[in-house]
Amino acid sequence: MPVSELLARTTSRELTEWAAYEKLAGPLGPRRGDVHAAIIAAAVVNMQRKRPLPISDFLPRWDRAPKTPEQLFQAAMAANVAMGGTVRTPST
């Protein structure tokens, strides 16, 4: 439902009740799926580690500043090298 429709159909009290429920029951919607996936990923990875990593290390961080295309490319190249790949430069 679009935000405008939500605001037209839902009272402030009802939104407040949902916010309170979420504080008690945990995140709702897609965020809850991220938490579930992080729990599973942490369990799989931590079976192979002596010191377990916290679940927070597996949660996506959506609030980071957007990156430029060049920054995304550099991050992809760094990940490639970190995993044992090589970076080939175009021959001249």
Side-chain angles (χ1 to χ4, degrees):
M1 153 181 341
V3 173
S4 59
E5 185 179 344
L6 172 72
L7 294 174
R9 294 176 51 185
T10 309
T11 66
S12 174
R13 179 184 171 105
E14 188 175 7
L15 287 174
T16 302
E17 288 171 351
W18 275 112
Y21 176 78
E22 186 176 36
K23 285 187 186 255
L24 293 172
L28 303 172
R31 173 85 173 129
R32 189 175 195 109
D34 288 346
V35 172
H36 287 160
I39 291 168
I40 293 167
V44 170
V45 169
N46 288 332
M47 286 189 302
Q48 308 299 321
R49 295 180 54 88
K50 290 183 180 177
R51 278 193 242 151
L53 296 171
I55 292 171
S56 60
D57 283 1
F58 298 90
L59 283 169
R61 287 173 270 157
W62 302 110
D63 58 342
R64 291 183 281 184
K67 294 184 178 186
T68 65
E70 179 61 29
Q71 290 171 321
L72 290 172
F73 178 78
Q74 291 302 325
M77 291 298 103
N80 177 45
V81 170
M83 290 187 265
T86 57
V87 177
R88 295 189 322 171
T89 56
S91 56
T92 54

Working to the nearest 0.5 angstrom, can you tell me the gap between E17 CD and S12 OG?
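Taking CD in E17 and OG in S12, the distance rounds to 10.0 Å.
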Is the count of non-hydrogen atoms from other residues, nucleotides or ligands lying under 6.0 Å from R49 atom CZ greater than 12?
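Check passes, neighbour count above 12.
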Shortest non-hydrogen separation from D34 to L59 and the atoms involved
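Scanning both residues completely, I find the closest heavy atoms to be O-CD2, 3.7 Å.
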Which atom names give the shortest non-hydrogen contact between E14 and T11, and what distance separates them?
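Residues E14 and T11, closest heavy atoms: N-OG1, 3.0 Å.
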Taking the side chain from N46 and the backbone from R51, do they hold a donor-acceptor pair closer than 3.5 Å?
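Here the side-chain-to-backbone pair does not exist.
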Expected output: side-chain E5 to main-chain P2 donor-acceptor under 3.5 Å
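No, E5 side chain to P2 backbone: no donor-acceptor pair under 3.5 Å.
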Within the 4.5 Å heavy-atom criterion, are [X] and [Y] side-chain neighbours or not?
X   : Y   : value
V35 : I55 : no
R13 : T16 : no
W18 : T10 : no

According to a hydrophobic-cluster definition based on side-chain heavy atoms being under 4.5 Å apart (Ile, Leu, Val, Met, Phe, Trp, Tyr only), do V44 and F58 belong together?
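Each belongs to a different hydrophobic cluster.
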Could I get the full list of side chain to side chain donor-acceptor pair (under 3.5 Å) partners for E70, not counting sequence neighbours?
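Per chain and number, E70 pairs via side chain to side chain donor-acceptor pair (under 3.5 Å) with Q74.
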